[in-house]
Amino acid sequence: MKITLPDGSEKSFDKQVSAAEVAADIGAGLAKAAIGAKVDGELYDLNRPLPGDCGLAIITKPREDKKGKSKWRDGKPDADALYLLRHSCAHVMAEAICKLWPDTQLAYGPPLDNGFYYDLSLDTPISSDDFAKIEAEMKRIVEEDRPFTRYELDADTGFPKLNEEGNKYKIDNAERACAGGAKTLSWYITGEANGFNPWASLTCAPKPENFEDLCQGPHVPSTGAVGAFKVMSIASSNWHGDVTSDRFQRVYGTAFFTQADLDEHLENLEQARQRDHRVIGPRLGLYTIDEQVGQGLVLWKPNGAVVRQELQNFIAEHLTRQGYKQVFTPHIGKLGLYKTSGHYPYYQDSQYPALVSREQVNALADEGCTCAQLSSQMEAGEIDGYLLKPMNCPHHIRIFASDKHSYRDLPIRLAEFGTVYRWEQSGELGGMTRVRGFTQDDAHLFCTEDQLDAELSGCLELVKIVFNTLGMEDYRVRVGLRDPDGDKYVGEPAQWDKAEAACLKAAKSLGVEFSSEPGEAAFYGPKIDFVVKDVIGREWQLGTVQVDYQLPIRFDLSYTGADNTQKKPVMIHRAPFGSMERFIGVLIEHFNGAFPLWLAPQQMRVLPISDKFLEYAQSVTDKLKAAGFRVELDANNERLNAKIKLAQEAKVPYMLVVGGKDQDAGTVSVRHRSEGDKGAVAVEAFIEAAVKERDERSLGSQS
RNA sequence: GCCACCCUAGCUCAGUGGUAGAGCACUCCCUUGGUAAGGGAGAGGUCGUGGGUUCAAAUCCCAUGGGUGGCUCCA
């Protein structure tokens, strides 16, 4: 057989060999470091016979640097190596848990980007107090350095074995594997193969003394390859994500090749925790959430309000430039409005309950009406009420409908910072990123079909301006298409095709990579979303642009065409920030609370070195205020060091130290929060530079 | 909504059945200073809330509110 290596060189063997044998043929060092192989793009166990002529890459353990950290060949961690390691560690953990709780039924245990988990069914709840004893058991298994041994059975022998063992989840996994085209079922023994040839087709199952698990593999050669690991957390999950199905305990863990790598990872997690907007936000006085006000209802404190207002001013400038008109609409609307739009009852579960007049409720109560009857009468349209608006589009649509429009008027672009309310599940709420009341930087564009492409481009352009201005480069673009099997969508397939085509075309013109994701569309149309990750790795949709042929039909909107016939406009829904709450939550983490000058709640702080210089400090402060800066004078009876520490902690961009030398020279001694002491500068010169930095919305230097 | 865990002073936390603690912040006094915490004194908590067990509960049990991590959901 002929093996082609990644550098293009070839090796020939006159018998079937495994990657291990190829590695040994190349060199003893490689053979020792090898933990797996990639065969024409598919991961293989090291000792699994190669399929024939193929391209082969040997996956190796990293070397260690002086500090014990992994040193990777091309500088960045090899995802395949870590995949093998973590998948293998999941087996080690599963074995440990099965030993500690023998009635455990294993379900599914895949590797993740930064670790792994195992879903398992067990009556006893596992708690974090148990982690130490799970880890101790894992440590023993790793120290035993038992080989991972794969064997395969065909369906005829495999299923009887599974049926006898009676783990319905593994049976289901096997059935799905077969349905997916698998010709055999594979198991991994954590230990020796008891003398049988694991790669030969077996007619009967062996009875291993060691732990084994139905698993596609592959794995590292032996448990000893697992360097450092930690059981991280416990959560619940459901079989195939179905909440009505069986519930599992999901145990999360992570593994690295070295202890130093693991330590570094844990340190990074801790730093991420310190950067979390839920930690920084309240500390910097940006926002609070109050039990008495309600879950998921953000109270913007003065500092947060500044950031929000600056962002709103920023976007408003661009809206004016792009021909948007500002509107205001109320926070509630009649139920019928949302029946027309289709939001009610599609999303009844995620709306605040309707507001019904006291007289009506009393009258119904007198009639002995139950809540269930009330609800069904409301749905049937027999009772009217008001809904806290879950979105702004119906209101904007009614503004459009209040005038007769000619094709000459289009496009019409109506913008509003519109506050909406959604009854999100309590378990979903958190910080500013998932809330029950939020303000969208919303707009609805009504245009002709011919104008659609240009308008979409304009919307995407705006989102890009937002991201560029704030230096947010780490985002992905998702084109949400309808799920072919979904039933939540309204409208004709032909219109969906047109709308989806328009979105894909616009996304392509964006010049950024994007992914098409079926099932991610809104119920009325496809959309282009800008998605970013928060500091703990969760993804959030921020900016969004959506194409909608449906609501103009449902609301019977029209404009007069050039041929004097009535035509349907196409709508675009778009929000560059998405919601102010979520956007600023992510932004706090992006800047680690150190906002650029134009956004900083407090832009400067004047620090007199003693109260002898208070008068001069006050005159400097007044000049800065006159230049429009948000500035405070720290007149506390404290030493300079203490004042600096407080200002640094508040992440104030500029600290202006003033003492005798400055008073005599008419200067301020500038300290920047990330650049440190910049020396004495004339007050006017400082103001001039700072005005420029502010007005250009410069990102400045970030710490 | 589901599962696990958590809730003690404004903040971060210690306190496993026997008289509620520390640091920071706060108030007052001393100190008047040049780039990340000067010194002293004082004030501040019915231990999320409501029940229960007990001679005795921050501590054990039940319920409930809120938070965290996941699952599910996200117009």
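Below, chain A is the first sequence line, B the second, and so on; all start at residue 1.
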Point to revise | Atom C1', compared across G45(B) and A9(B): separation rounded to whole Å | key: 5 Å
Review point. For atom P, what is the distance between A41(B) and A56(B), given to the nearest Å?
Key: 40 Å
Check your understanding: Which part of the nucleic acid, if any, lies within contact of D349(A), taking any heavy atom under 4.0 Å across all strands shown: a base, the sugar-phosphate backbone alone, or nothing?
Key -> nothing
Exercise for review: Describe the nucleic acid contact of R283(A) in one word from base, sugar-phosphate, nothing, applying a heavy-atom distance below 4.0 Å.
Suggested key: nothing
Practice item. Please indicate yes or no: is the ring centre of Y347(A) less than 5.5 Å from the centre of the six-membered base ring of A75(B), with the two planes inclined by under 30 degrees? Key: yes
Exercise for review: Just name whichever nucleotide pairs with U27(B), Watson-Crick or G-U, keeping both distances under 3.5 Å, else none.
Suggested key: A41(B)
Review point. Looking across every strand, which nucleic acid part, if any, lies under 4.0 Å from L429(A) by heavy atom: base, sugar-phosphate, or nothing?
Key: sugar-phosphate
Practice item. Output yes when at least one side-chain N/O atom of K643(A) is less than 4.0 Å from OP1 or OP2 of A36(B), else no. Key: no
Review point. Which part of the nucleic acid, if any, lies within contact of R671(A), taking any heavy atom under 4.0 Å across all strands shown: a base, the sugar-phosphate backbone alone, or nothing?
Key: base
Review point. Base, sugar-phosphate alone, or nothing: which one does G676(A) contact when heavy atoms must sit under 4.0 Å apart?
Key: nothing
Practice item. Determine the interatomic distance between P on G42(B) and the same-named atom on C47(B); round to the nearest Å. Key: 25 Å
Practice item. Considering only NZ, NE, NH1 and NH2 on the basic side and carboxylate oxygens on the acidic side, decide whether D442(A) and R574(A) come within less than 4.0 Å. Key: no
Exercise for review: Identify whether any heavy atom of Y524(A) sits under 4.0 Å from a base atom; if not, whether one sits that close to sugar-phosphate; answer base, sugar-phosphate or nothing.
Suggested key: sugar-phosphate
Revision key, fill the gap. Comparing N238(A) with C393(A), nearest RNA chain B nucleotide closer to 5' gives the residue N238(A)
Exercise for review: Would you mind pulling out the nucleotide paired to C60(B), Watson-Crick or G-U wobble, both distances under 3.5 Å?
Suggested key: G52(B)
Exercise for review: Under 4.0 Å between any heavy atoms, over every strand shown, what does G241(A) touch: base, sugar-phosphate, or nothing? Just pick one.
Suggested key: sugar-phosphate
Check your understanding: Applying a 3.5 Å limit to both distances, which nucleotide forms a Watson-Crick or G-U wobble pair with U68(B)?
Key -> A4(B)
Check your understanding: Going through the distances and angles, do L542(A) and F577(A) end up as a side chain to side chain contact (heavy atoms under 4.5 Å, CB included)?
Key -> CA-CA 6 Å; L542(A) 297 179; F577(A) 292 133; over 6 Å; no
Exercise for review: Using a heavy-atom cut-off of under 4.0 Å over every strand shown, decide if S128(A) touches base, sugar-phosphate, or nothing.
Suggested key: nothing
Check your understanding: Would you say G70(B) has OP1 or OP2 under 4.0 Å from some side-chain N or O of R538(A)?
Key -> yes
Exercise for review: Give the ring-plane orientation class for Y421(A) versus H331(A), where under 30° counts as parallel, over 60° as perpendicular and anything between as tilted.
Suggested key: tilted
**Study point:** Distance-minimising heavy-atom pair for G578(A) and D441(A)
**Key:** N-OD1, 3.1 Å
**Study point:** Residue whose nearest RNA chain B nucleotide is more 5′ - N641(A) or A235(A)
**Key:** N641(A)
Check your understanding: Is R273(A) salt-bridged to D276(A), going by a charged N under 4.0 Å from an acidic O?
Key -> no
Review point. Distance check: side-chain N/O of R422(A) vs OP1/OP2 of A75(B), anything under 4.0 Å?
Key: no
Check your understanding: So what does S341(A) touch, heavy atoms closer than 4.0 Å: a base, only the sugar-phosphate, or nothing?
Key -> nothing
Review point. Using the P atom in both, what is the distance from U49(B) to C74(B), to the nearest Å?
Key: 37 Å
Point to revise | Presence of R554(A) side-chain N/O under 4.0 Å of A75(B) phosphate oxygens OP1/OP2 | key: no
Point to revise | R86(A) NZ/CZ over F116(A) ring centroid, <6.0 Å and within 45° of normal | key: no
Exercise for review: Could you check whether R250(A) gets within reach of a base, just the sugar-phosphate, or nothing at all, counting any heavy atom under 4.0 Å?
Suggested key: sugar-phosphate
Review point. If you look at every strand shown and take non-hydrogen atoms under 4.0 Å, does I536(A) touch a base, only sugar-phosphate, or nothing?
Key: sugar-phosphate
Check your understanding: Looking for any heavy atom pair under 4.0 Å, which part of the strands does D611(A) touch: base, sugar-phosphate only, or nothing?
Key -> base
Review point. OP1 or OP2 of G67(B) less than 4.0 angstrom from a side-chain nitrogen or oxygen of Q295(A), does that happen here?
Key: yes
Practice item. Determine the Euclidean distance between corresponding P atoms of U16(B) and C61(B); express it in Å to zero decimal places. Key: 15 Å
**Study point:** Residue that, paired with D119(A), satisfies salt bridge (charged side-chain N to carboxylate O under 4.0 Å, His left out) out of K170(A), R247(A), R250(A)
**Key:** R250(A)
Check your understanding: At under 4.0 Å between heavy atoms, what does F248(A) touch on the DNA or RNA strands: base, sugar-phosphate, or nothing?
Key -> nothing
Review point. Can you tell me if the side-chain N/O atoms of S127(A) get under 4.0 Å from OP1 or OP2 in C5(B)?
Key: no
